[in-house]
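If you're wondering where the values come from, they're calculated on a predicted model, not measured in any experiment.
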There are 2 protein chains.
Amino acid sequence: MEQNQVVKGSLTTIIMKLLEDNGRMYGYEITKAVKEATGNRMNITEAALYPALHKLVADGMLVTTTETVDGRMRKYYMLTKKGKKETVSKIQALKEAMESIHMILNPKLSNG
Amino acid sequence: MEQNQVVKGSLTTIIMKLLEDNGRMYGYEITKAVKEATGNRMNITEAALYPALHKLVADGMLVTTTETVDGRMRKYYMLTKKGKKETVSKIQALKEAMESIHMILNPKLSNG
DNA sequence: GTAAATGCATAATTTCATTAGGTATTAATT
DNA sequence: AATTAATACCTAATGAAATTATGCATTTAC
């Protein structure tokens, strides 16, 4: 229905959560942060990340600034005011979706 | 990557988990079970459920038996041996994906 | 000098859920 | 008696999102 949608779109929420915590980040940095935070369990591909970032920019959730560091370009992403507000509700929705899945994986037995 | 895939495909894992717990269930029963287990938070649409069930049958994870109860047809689904084995690993993968998301949503601060 | 790491990106495909329908029987309500 | 809600199955078309498979360019490590 829609809770499934929430879980499915968790990548977007993850990106926004990281930006909420770190202020601004560039794409490659986000992939490293996810790997580090999850002890290498989760790996976001760039082919999934960049389209997601671009969509968030198109939707007015993020803005970018570009810098060149050590001869390499870095495109930093930051949450807009709208993006910050959306982040809060998206995190809440994701937590509730995870709680729902948890309830299914760990059912209360009626017959104790 | 693949952890995202796991979370995205959580519907399949939910179905298999319910069948693991309940032995056999029919489609409509599964939608009710999910609603009940999650306190109405999660709602699986039949349009998502039935194609998922049919794919699981096609993949050899489930088998079906049909009965008529009170004038209405019920198509019961059960895990095959292969399906039972797959259920274990899918649940494990889903738990790990949830743990990863949890770690991102609740990061350990390096600066205590 | 070759491979790995850093850094960006897209196109084609596949997978999956949603939207929007459809059929049929029984139980409950008006 | 007629309508609505609940039970029970299903599919087609669309849309959203991730994967697979690439591509380019620079710097660091071997």
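- Rounded to whole Å, the distance from NZ on K55(A) to P on dA9(C) is 17 Å.
- Side-chain atoms of T80(A) come within 3.5 Å of backbone N or O of G60(A) as a donor-acceptor pair.
- Taking atom CG of residue D59(A) and atom C1' of nucleotide dA17(D), one finds them 13 Å apart after rounding to whole Å.
- Using a 4.0 Å cut-off between a side-chain N of Lys or Arg and a carboxylate O of Asp or Glu, R24(A) and E29(A) do not qualify as a salt bridge.
- At a threshold of 4.5 Å between non-hydrogen side-chain atoms, the residues L79(B) and E20(B) count as touching.
- Among the nucleotides dC8(C), dT19(C), dA11(C), the one closest to any side-chain atom of A47(A) is dA11(C).
- Regarding I44(B), its CD1 atom lies at a distance of 16 Å from the P atom of dA8(D), rounded to whole Å.
- Side-chain N/O atoms of H54(A) include none lying less than 4.0 angstrom from OP1 or OP2 on dC8(C).
- Rounded to an integer number of Å, the gap from E36(A) CD to dT6(C) C1' is 16 Å.
- Judged by distance alone, with hydrogens and angles left aside, the side-chain atoms of H102(A) form no donor-acceptor pair with the main-chain N or O of M98(A) at under 3.5 Å.
- Within residues 71-78 of chain A, the residues that place at least one heavy atom under 4.0 Å from DNA chain C are, in residue-number order, R72(A), M73(A), R74(A), K75(A), Y77(A).
- Contact record, I30(B) with M25(B): CG1-CB, 3.9 Å, taken as the closest heavy-atom pair.
- The ring-ring contact (aromatic ring centres under 6.0 Å, His included) test applied to Y28(A) returns no partner, not counting sequence neighbours.
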Do V57(B) and H54(B) pass the side-chain contact (heavy atoms from CB on, under 4.5 Å) test, and can you show the C-alpha distance, the side-chain angles, and the key distance before you say yes or no?
-> CA-CA 5 Å; V57(B) 172; H54(B) 299 163; 5.6 Å; no
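- dA17(D) atom P lies 14 Å from atom CD1 of I14(A), rounded to whole Å.
- dC8(C) atom C1' lies 15 Å from atom CD of E67(A), rounded to whole Å.
- Taking atom CD on E46(A) and atom C1' on dG7(C), their separation rounds to 7 Å, with Å as the unit.
- The main-chain N or O of T38(A) is found under 3.5 Å from a side-chain atom of R41(A) such that the two form a donor-acceptor pair.
- Side-chain N or O atoms of K82(B) include one that pairs as donor or acceptor with a backbone N or O of D59(B) at under 3.5 Å.
- Of the residues in residues 17-34 of chain B, those lying under 4.0 Å from DNA chain D by heavy-atom distance are Y26(B), G27(B), Y28(B), K32(B).
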